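Have a look at the structure below before the remarks.
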Amino acid sequence: MAASFQICIDCADPDRLARFWASALGYVLEPPPDGYASWDDYWREVGVPEEELGAGADSIIDPDGRGPRIMFHIVPEGKTLKNRLHVDIRASGGRATPLESRRRLVNAEASRLAALGATITRVMSEEGLDHYAVAMTDPEGNEFDIN
């Protein structure tokens with residue numbers, strides 16, 4: 001049986017990144033546990049100090065329950081180096097889709113995510129290769145690709 005896992009992303013603003021990635025991936029903000037009006041109420045109940053509360057949304061889930069939960073943790077330091085692990089968003093339809101159609105689909109998704117606060121860093125395309133992707137960074141500079 002496969003192991004259950006979640007992805008944790010260090011950041012300065014969990015609410016901003018949770019909302020960005022929820023929209024990017026078609027996820028939703030994770031609702032607080034039953035019986036609690038907010039995550040802060042839950043964390044307060046389990047003993048988290050008041051000064052550590054108030055970060056807003058800090059986790060997202062796949063509404064269909066197939067993908068992993070993604071958590072966003074506040075850390076004091078900013079991102080300084082290239083990610084060792086990154087997300088690839090598959091928007092092109094795959095190799096069965098003609099390259100020019102894949103290009104349009106990838107560019108449309110890159111434009112949508114740029115409007116949400118991401119930055120396009122480069123286009124990965126080479127004449128003669130059946131590949132097209134766009135490299136981007138999320139609002140805090142974490143790298144990801146759209147292919």
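Quantities reported herein were computed from a predicted structural model and do not represent experimental measurements.
For W43, the ring pair (Phe, Tyr, Trp, His ring centres under 6.0 Å) partners are W39, not counting sequence neighbours. By the salt bridge (Lys or Arg N to Asp or Glu O under 4.0 Å) test, E143 pairs with K79, sequence neighbours left out. Partners of R122 under the salt bridge (Lys or Arg N to Asp or Glu O under 4.0 Å) rule, at least two apart in sequence or in another chain, do not exist in this structure. The salt bridge (Lys or Arg N to Asp or Glu O under 4.0 Å) check on D62 picks up nothing, with sequence neighbours excluded. Partners of E77 by side-chain hydrogen bond (donor to acceptor under 3.5 Å, both in side chains), not counting sequence neighbours: none found. Not counting sequence neighbours, the partners of R69 by the side-chain hydrogen bond (donor to acceptor under 3.5 Å, both in side chains) test are Q6, E30. Applying the side-chain hydrogen bond (donor to acceptor under 3.5 Å, both in side chains) rule to E126 yields no partners; only residues at least two apart in sequence or on another chain are considered.
When atom types are taken as modelled, the side chain of D40 and the backbone of G54 share a donor-acceptor pair closer than 3.5 angstrom.
The hydrophobic cluster containing L85, built from Ile/Leu/Val/Met/Phe/Trp/Tyr side-chain heavy atoms closer than 4.5 Å, comprises no other residue. In this structure, I61 belongs to a hydrophobic cluster whose other members, linked by side-chain heavy atoms under 4.5 Å apart, are V28.
Hydrophobic clustering, with ILVMFWY side chains joined whenever heavy atoms are under 4.5 angstrom apart, keeps Y36 apart from L29.
Looking at heavy atoms from C-beta onward, I60 lies in side-chain contact with F72 at the 4.5 angstrom threshold. Counting heavy atoms from C-beta on, the side chains of M136 and D145 never come closer than 4.5 Å. Under the 4.5 Å side-chain criterion, counting only non-hydrogen atoms from C-beta, N147 is in contact with R90. Contact annotation: the side chain of T137 never approaches that of F144 to less than 4.5 Å [non-hydrogen atoms, C-beta and beyond].
For the side chain to side chain donor-acceptor pair (under 3.5 Å) condition, the pairs that include at least one residue of residues 14-27, sequence neighbours left out, are D15-R19, W21-D138, S23-R112. Applying the ring pair (Phe, Tyr, Trp, His ring centres under 6.0 Å) rule to pairs touching residues 82-132 yields nothing, sequence neighbours excluded. Residue pairs satisfying the salt bridge (Lys or Arg N to Asp or Glu O under 4.0 Å) criterion with at least one member in residues 94-108, sequence neighbours excluded, are listed as follows: R95-D130, E100-R103, R102-D130.
Rounded to the nearest 0.5 angstrom, I7 CD1 and S59 OG are separated by 13.0 Å. In this structure, the separation between CG on L17 and CD1 on I70 is 11.0 Å, given to the nearest 0.5 Å. Atom-to-atom distance recorded for C8:SG and M71:CE is 6.0 Å, nearest 0.5 angstrom.
Taking each heavy atom of G26 and P63 in turn, the nearest pair found is O-CD, 3.4 Å. Here the closest heavy-atom approach between residue L105 and residue G93 is recorded as CD1-N, 4.5 Å. Taking all atoms of both residues into account, the shortest heavy-atom contact from D41 to S38 is N-OG, 3.1 Å. When all heavy atoms of P14 and D58 are compared, the closest pair comes out as CB-CB, 3.9 Å.
Here the rule is side chain to side chain contact (heavy atoms under 4.5 Å, CB included) with I146, and of L113, N107, I120 only L113 fits it.
Annotation for E127: atom CD does not count as buried by contact number, only 12 or fewer foreign heavy atoms lying within 6.0 Å.
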